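The structure appears below as structure tokens.
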Amino acid sequence: MKSEIVPEQKTTIQVIERMVALLDALAKYPDPVSLKELSKVSGLHPSTAHRILNDMVVTRFVDRIEPGTYRLGMRLLELGNVVKSRLSVREAALDFMRSLHKKTQQTINLSVRQGDEIVYIDRAFSERSGMQVVRAIGGRGPLHLTSTGKLFLSVDEPKAIRAYATRTGLAGHNKNSITDLAKLERELSLVRARGYARDNEELELGVRCMAAGIRDDSGKLVAGLSISAPADRLQEEWLEDLVSTANQISATLGYMPVAD
């Protein structure tokens with residue numbers, strides 16, 4: 001038997017939809033907005049918009065600046081801060097990582113910076129997907145030899161990069177490792193220009209990685225999302241999916257890129 005929505009339910013859902021339409025309309029403007037403009041943008045009749053706005057003023061979702069003008073209220077900020085405090089980058093990333101793994105059938109890593117190293121804090125992989133490069137959660141790698149590490153170095157000031165090189169000596173693991181400061185600086189310049197980073201068998205022979213950055217609501221780089229694969233299996237077409245996935249995770253954390 002088909003379930004039917006009773007009139008009361010329809011009315012409740014309609015009110016919520018109209019409320020969201022007004023909040024979305026308010027979000028488009030940095031300054032207080034008139035009732036007339038909100039009615040036009042939201043598609044609601046002025047009397048309907050006025051009634052709902054009055055209710056939202058009472059609950060502090062909307063502030064009335066002066067008669068007839070409105071802006072988003074402080075309660076939204078309060079609730080947003082609660083959500084932010086409860087949302088970790090791991091929680092935000094996991095479903096997206098699983099989707100990317102399902103598409104590529106390769107290991108997807110989530111890493112953060114700790115001092116002069118990156119630390120792998122989560123991964124998505126499947127033992128049924130054939131040969132994969134699986135990084136242990138809690139494992140570490142030098143910044144200059146890993147794709148995610150290069151992302152973090154790329155946002156450092158030149159002075160900080162030189163200090164890192166002095167502290168670590170840019171130690172290498174194999175013939176492909178970047179051990180020269182000038183070469184590292186050129187590599188980091190490419191990372192900034194491209195918006196992603198690569199590890200071409202610099203940490204481990206036979207393994208290649210590519211990484212894209214994840215940013216929080218303040219724009220700070222907080223993690224790197226990477227694909228690790230046998231060197232002969234890493235496919236360039238995965239790069240677009242990787243960057244898109246990292247951007248989606250950033251958006252979940254509240255990051256809004258500044259328009260050019």
Side-chain angles (χ1 to χ4, degrees), residues 5-100 110-113 121-122 151-152 155 195 212-225 241-260:
I5 300 177
V6 297
E8 290 80 1
Q9 289 177 310
K10 286 185 176 180
T11 302
T12 301
I13 293 170
Q14 190 177 61
V15 170
I16 293 172
E17 289 175 345
R18 290 172 174 178
M19 178 175 142
V20 171
L22 285 168
L23 291 173
D24 286 342
L26 284 163
K28 297 178 185 291
Y29 299 89
D31 299 316
V33 194
S34 69
L35 174 62
K36 181 180 179 181
E37 184 68 14
L38 289 172
S39 173
K40 177 182 175 182
V41 173
S42 66
L44 298 176
H45 190 277
S47 63
T48 301
H50 184 259
R51 184 176 67 253
I52 297 173
L53 285 166
N54 281 344
D55 289 341
M56 288 198 288
V57 167
V58 172
T59 55
R60 298 173 48 239
F61 285 106
V62 172
D63 291 336
R64 184 186 288 112
I65 307 307
E66 57 186 48
T69 61
Y70 304 86
R71 70 181 180 191
L72 293 176
M74 292 300 293
R75 190 170 185 192
L76 292 169
L77 179 61
E78 294 167 2
L79 294 174
N81 284 333
V82 171
V83 173
K84 179 184 175 184
S85 68
R86 294 175 180 174
L87 181 65
S88 73
V89 66
R90 291 176 70 178
E91 292 171 330
L94 189 55
D95 286 344
F96 292 106
M97 291 172 65
R98 287 170 176 163
S99 295
L100 186 58
L110 183 67
S111 313
V112 297
R113 179 177 185 170
I121 62 171
D122 216 335
L151 289 174
F152 280 103
V155 299
I214 296 171
R215 296 179 180 272
D216 65 11
D217 61 327
S218 69
K220 179 183 177 181
L221 181 67
V222 293
L225 186 73
D241 293 322
L242 173 68
V243 172
S244 175
T245 301
N247 289 342
Q248 290 177 72
I249 298 170
S250 297
T252 300
L253 293 173
Y255 175 61
M256 297 180 65
V258 179
D260 294 333

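In this text the structure is predicted, and so the values were computed from the model without any measurement.
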- [ ] Test Val15 against Asp55 for side chain to side chain contact (heavy atoms under 4.5 Å, CB included), laying out the working first.
- [x] CA-CA 11 Å; Val15 170; Asp55 289 341; over 6 Å; no
TODO: Give, for atom CG of Asp216 and atom OH of Tyr255, the distance between the pair rounded to the nearest 0.5 Å.
DONE: 10.0 Å
Task: Side chain Glu91, main chain Ser88, donor-acceptor under 3.5 Å - done: yes
Open item on the list: Main chain of Leu44, side chain of Ser39: is a donor-acceptor contact present, judged purely on distance under 3.5 Å?
Closed with: yes
- [ ] Could you tell me the separation between the CG atom of Asp122 and the CZ atom of Arg90, rounded to the nearest 0.5 Å?
- [x] 4.5 Å
- [ ] State, to 0.1 Å, how close Ala27 and Leu72 come at their nearest heavy-atom pair, and which atoms those are.
- [x] CA-CD1, 3.9 Å
TODO: Locate the shortest heavy-atom distance separating Leu22 from Met56; write the atom from each residue and the value.
DONE: CB-CE, 4.0 Å
Open item on the list: Can you tell me how far apart CG (Leu253) and OG (Ser218) are? Round to the nearest 0.5 Å.
Closed with: 10.0 Å
Open item on the list: Within the structure provided, determine whether His50 and Tyr70 are in side-chain contact (heavy-atom separation under 4.5 Å).
Closed with: yes
Task: Pairwise side-chain contact, Arg98 with Asp95, heavy-atom cut-off 4.5 Å (strictly under) - done: yes
Task: side chain to side chain contact (heavy atoms under 4.5 Å, CB included) evaluation trace for Leu110 with Ile214 - done: CA-CA 9 Å; Leu110 183 67; Ile214 296 171; 3.6 Å; yes
TODO: Could you tell me whether the side chain of Ser250 and the main chain of Ala246 form a donor-acceptor pair under 3.5 Å?
DONE: yes
Open item on the list: Using side-chain heavy atoms (C-beta onward) and a distance below 4.5 Å, is Met97 in contact with Thr245?
Closed with: no
Task: Criterion side chain to side chain contact (heavy atoms under 4.5 Å, CB included) on Lys220 and Val155, from CA distance to verdict - done: CA-CA 9 Å; Lys220 179 183 177 181; Val155 299; over 6 Å; no
Open item on the list: Could you walk me through whether Phe96 and Leu225 satisfy the side chain to side chain contact (heavy atoms under 4.5 Å, CB included) test, starting with their C-alpha distance in whole Å, then the side-chain angles of each, then the deciding distance to 0.1 Å, before giving a yes or no?
Closed with: CA-CA 10 Å; Phe96 292 106; Leu225 186 73; over 6 Å; no
Open item on the list: Please report the interatomic distance CZ(Arg113) to CG(Leu221), rounded to the nearest 0.5 Å.
Closed with: 9.5 Å
Open item on the list: Quick check: closest heavy atoms across Thr48 and Arg18, and the distance to 0.1 Å?
Closed with: CG2-NH1, 3.7 Å
Task: Spatial distance of atom CG (Leu53) from atom CG (Leu23) [nearest 0.5 Å] - done: 8.5 Å
Task: Least distance between heavy atoms, Leu151 atom then Ala212 atom - done: CD1-C, 3.5 Å
Open item on the list: As an exercise, state the distance from CD1 of Ile52 to CD of Glu17, rounded to the nearest 0.5 Å.
Closed with: 10.5 Å
Open item on the list: Which heavy atom of Ala223 sits nearest to which heavy atom of Val89, and what is that distance?
Closed with: CB-CG2, 4.0 Å
Open item on the list: Using every non-hydrogen atom in the two residues, find where Ala25 and Leu38 come nearest and quote the distance to one decimal.
Closed with: CB-CD2, 3.9 Å
